[in-house]
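Shown next, in structure tokens, is the structure this report addresses.
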Amino acid sequence: MVKEAEGCKTMKYSDGDGVFEVRVNQGKPTLVPPAEDTAKGLYFLSNLDQNIAVVVRTIYCFKSEEKGNEMAGKVLMAALAKVLVYYYPLAGRLTFSSEGKLIVDCTGEGAVFVEAEAECRLEEIGDATKPDSATLGKLVYDIPGAKNILEVPPVVAQVTKFKCGGFVLGLCMNHCMFDGIGAMEFVNSWGEIARGLSLSVPPSLDRSILTARSPPQIEFQHHEFAEVDDVSGTSELYKEEMQYRSFCFDPKSLEKLKLKAMEDETLVKCTTFEALSGFVWRARTRALRFKPDQRSKLLFAVDGRPKFNPPLPKGYFGNGIVLTNSICPAGELVKNPVSFAVGLVQKAIKLVTDGYMRSAIDYFEATRARPSLSSTLLITTWSRLSFHKADLGWGEPSVSGPVALPEKEVILFLSHGNERKSINVLLGLPASAMKTFEELMKI
């Protein structure tokens, strides 16, 4: 249920000369149901959806000096109603099935939509490419009094108009409804309808193709769920002040990193992702001062869509990603050259086959376990997602990305620059660890 309450939110930013306050005035939230009658009843979520039932907040900034923002709210609300006809589960509400698993009750209630106005120009909010919940969070609507994800509708949208004629679309969406690829397809479909076009990639709604086997067949070890003991006392380190930094790797730096990973000829080749992942995993492990016998775990998602047999259908509406992992004693990880860490990343990628993914689905069915983040680095890669191409009728966004890092264990890879060939690495660490990490980033 949406509480009809207007509010004024203030965000603070600094330009080096002092701290300024920006006021964002939010209007009343409105429910936007599908424009036509849609199917009712319960909608199945697969075990891959169950594992990542977290809310993800993103923003899309549109400068639109020429077109202006007067019609932004009206156009996007009307297009949202139409796109929800295709994506009708997003107009429902999350609940629990008789088995105690998340499921969608397709009530047709609708998405939540809020219009807001900021008392400043768009450029005054600061660097929107860096996740910052204190500032950018004001551009996304929070359901008042929501105690858990069941009380947050699958899609909550806020359109904030700025005095310069630009606007920001802030989205709050539940990851259990789709992964990054699915979310990107939804936003792009929304944009196509806003521009009067047909959907280029209609959603494929049947998630039962990822139903667990009966009985479950667990054929692999799934260390992604393993609880790693904190023998290094890292939890004490995290009592320090947290610092958040962004490290930009341009094409030249990325190529240098790949050459560094292959200089001892242990590896024949490696991708940018493999080199960067191994490099930051090793550096973060060292910066957190893990004891030599402390096991350090790496988690990251692999797109399973083409790896299933048969591959998932085009436009699959759901999570088609699978977490893969590597666990290594910290002493072994930091004493060896970076090629060692990169090699572990490559092995983790090779783990992901149809058999492994089906086994992971069955593992959850049998255990209901969720991946543990103890002594873990979770890398989330957005650099391959084309959120920056989401044209809602005002051209492509000048900036798009997440509002905040979801957990302290998460590092984000975001594409950067006009040609999207650089990668921003964003993370948070305790102050003393960040100082060490900054030194280790010099390649």
Side-chain angles (χ1 to χ4, degrees), residues 34 38-56 58 83-97 99-108 111 149-150 152-156 171-190 199-213 216 224 300-324 352-354 356-365 368 370-371 380-382 384-387 406:
T38 53
K40 301 296 187 290
L42 297 177
Y43 178 75
F44 172 80
L45 298 180
S46 81
N47 286 349
L48 297 185
D49 301 316
Q50 307 289 328
N51 273 334
I52 37 183
V54 295
V55 166
V56 179
T58 52
V83 80
L84 287 176
V85 174
Y86 300 92
Y87 286 89
Y88 68 87
L90 296 177
R93 295 296 181 263
L94 287 168
T95 186
F96 284 116
S97 70
E99 297 176 315
K101 294 200 288 187
L102 283 171
I103 197 166
V104 181
D105 185 3
C106 295
T107 60
I149 59 167
L150 298 183
V152 180
V155 174
V156 179
L171 292 178
C172 174
M173 302 194 293
N174 199 305
H175 207 320
C176 71
M177 299 307 294
F178 30 41
D179 54 22
I181 293 171
M184 176 187 71
E185 289 174 349
F186 165 69
V187 174
N188 287 338
S189 294
W190 186 358
L199 300 196
S200 56
V201 185
S204 176
L205 297 175
D206 182 13
R207 302 192 189 197
S208 66
I209 55 177
L210 295 184
T211 301
R213 294 169 290 194
E224 64 267 33
F300 59 91
V302 173
D303 180 16
R305 283 169 170 74
K307 295 177 180 288
F308 277 104
N309 185 20
L312 296 185
K314 186 178 181 182
Y316 177 73
F317 171 52
N319 284 278
I321 57 172
V322 177
L323 283 178
T324 187
V352 182
T353 61
D354 177 78
Y356 179 85
M357 294 186 291
R358 300 283 179 186
S359 177
I361 290 169
D362 290 358
Y363 187 95
F364 180 85
E365 190 71 16
R368 301 297 170 89
R370 284 184 165 78
T380 298
T381 307
W382 285 35
R384 300 170 186 169
L385 301 174
S386 56
F387 284 103

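Treat the numbers as computed from the prediction; the structure is a model and nothing was measured. These values consider heavy atoms only, across backbone and side chains, with no hydrogens, waters or symmetry-generated copies.
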Steps toward side-chain contact (heavy atoms from CB on, under 4.5 Å) verdict (Asn51, Glu224): CA-CA 11 Å; Asn51 273 334; Glu224 64 267 33; over 6 Å; no

Derivation and outcome, side-chain contact (heavy atoms from CB on, under 4.5 Å), residues Leu42 and Asp105: CA-CA 5 Å; Leu42 297 177; Asp105 185 3; 4.1 Å; yes

Stepwise side-chain contact (heavy atoms from CB on, under 4.5 Å) test for Leu94 and Leu45: CA-CA 10 Å; Leu94 287 168; Leu45 298 180; 3.9 Å; yes

Chi angles and distances behind the side-chain hydrogen bond (donor to acceptor under 3.5 Å, both in side chains) call for Ser359, Asp362: CA-CA 5 Å; Ser359 177; Asp362 290 358; over 6 Å; no

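When atom types are taken as modelled, the side chain of Asn47 and the backbone of Ala360 share no donor-acceptor pair closer than 3.5 angstrom. Asp354 places a side-chain N or O within donor-acceptor distance of the main-chain N or O of Asn309, the cut-off being under 3.5 Å. Asp49 places a side-chain N or O within 3.5 Å of a backbone atom of Ser46 that can act as its donor or acceptor partner. Judged by distance alone, with hydrogens and angles left aside, the side-chain atoms of Asp206 form a donor-acceptor pair with the main-chain N or O of Ser208 at under 3.5 Å.
With a 4.5 Å cut-off on side-chain heavy atoms, Glu185 and Lys314 do not count as touching. No side-chain heavy atom of Val54 sits less than 4.5 Å from a side-chain heavy atom of Pro406. In this structure, the side chains of Glu365 and Arg213 stay at 4.5 Å or more apart for every pair of heavy atoms. Between Leu90 and Phe186, some side-chain heavy-atom pair lies under the 4.5 Å cut-off. Side-chain contact between Val302 and Ile321 is absent, with no heavy-atom pair separated by less than 4.5 Å. Within the 4.5 Å cutoff, side-chain heavy atoms of Met173 are placed close to those of Phe178. In this structure, Pro313 and Ile209 have side chains that are in contact, with non-hydrogen atoms separated by less than 4.5 Å. Side-chain atoms of Met177 and Val155, non-hydrogen and from C-beta on, never get closer than 4.5 Å to each other.
The CE atom of Met357 sits 8.5 Å away from atom CG of Leu210, with the distance rounded to the nearest 0.5 Å. Rounded to the nearest 0.5 Å, atoms OG (Ser200) and CG (Asn188) are 7.0 Å apart. In this structure, Lys101 NZ and Arg368 CZ are separated by 5.0 Å, a value rounded to the nearest 0.5 Å. With rounding to the nearest 0.5 Å, the separation of CG in Leu150 from CZ in Phe96 is 5.0 Å. Here Leu84 contributes atom CG and Thr38 contributes atom OG1; the two are 8.5 Å apart, rounded to the nearest 0.5 Å. In this structure, CG in Leu323 is found 9.0 Å from CG in Leu48, a value given to the nearest 0.5 Å.
Here the closest heavy-atom approach between residue Gly320 and residue Leu312 is recorded as CA-CD1, 4.0 Å. In terms of heavy-atom proximity, Phe317 sits nearest to Arg207 at O-NE, 2.7 Å. When all heavy atoms are compared, the tightest approach of Val201 to Ser189 is O-OG, 3.9 Å. Here the closest non-hydrogen pair linking Leu102 and Ala53 is CD1-CB, 3.4 Å. What you find for Ile52 and Asn174 is that their closest heavy atoms are O-OD1, 4.3 Å. Minimum interatomic distance between Pro154 and Pro89 (heavy atoms only, all atoms of both residues): CG-O, 4.3 Å.
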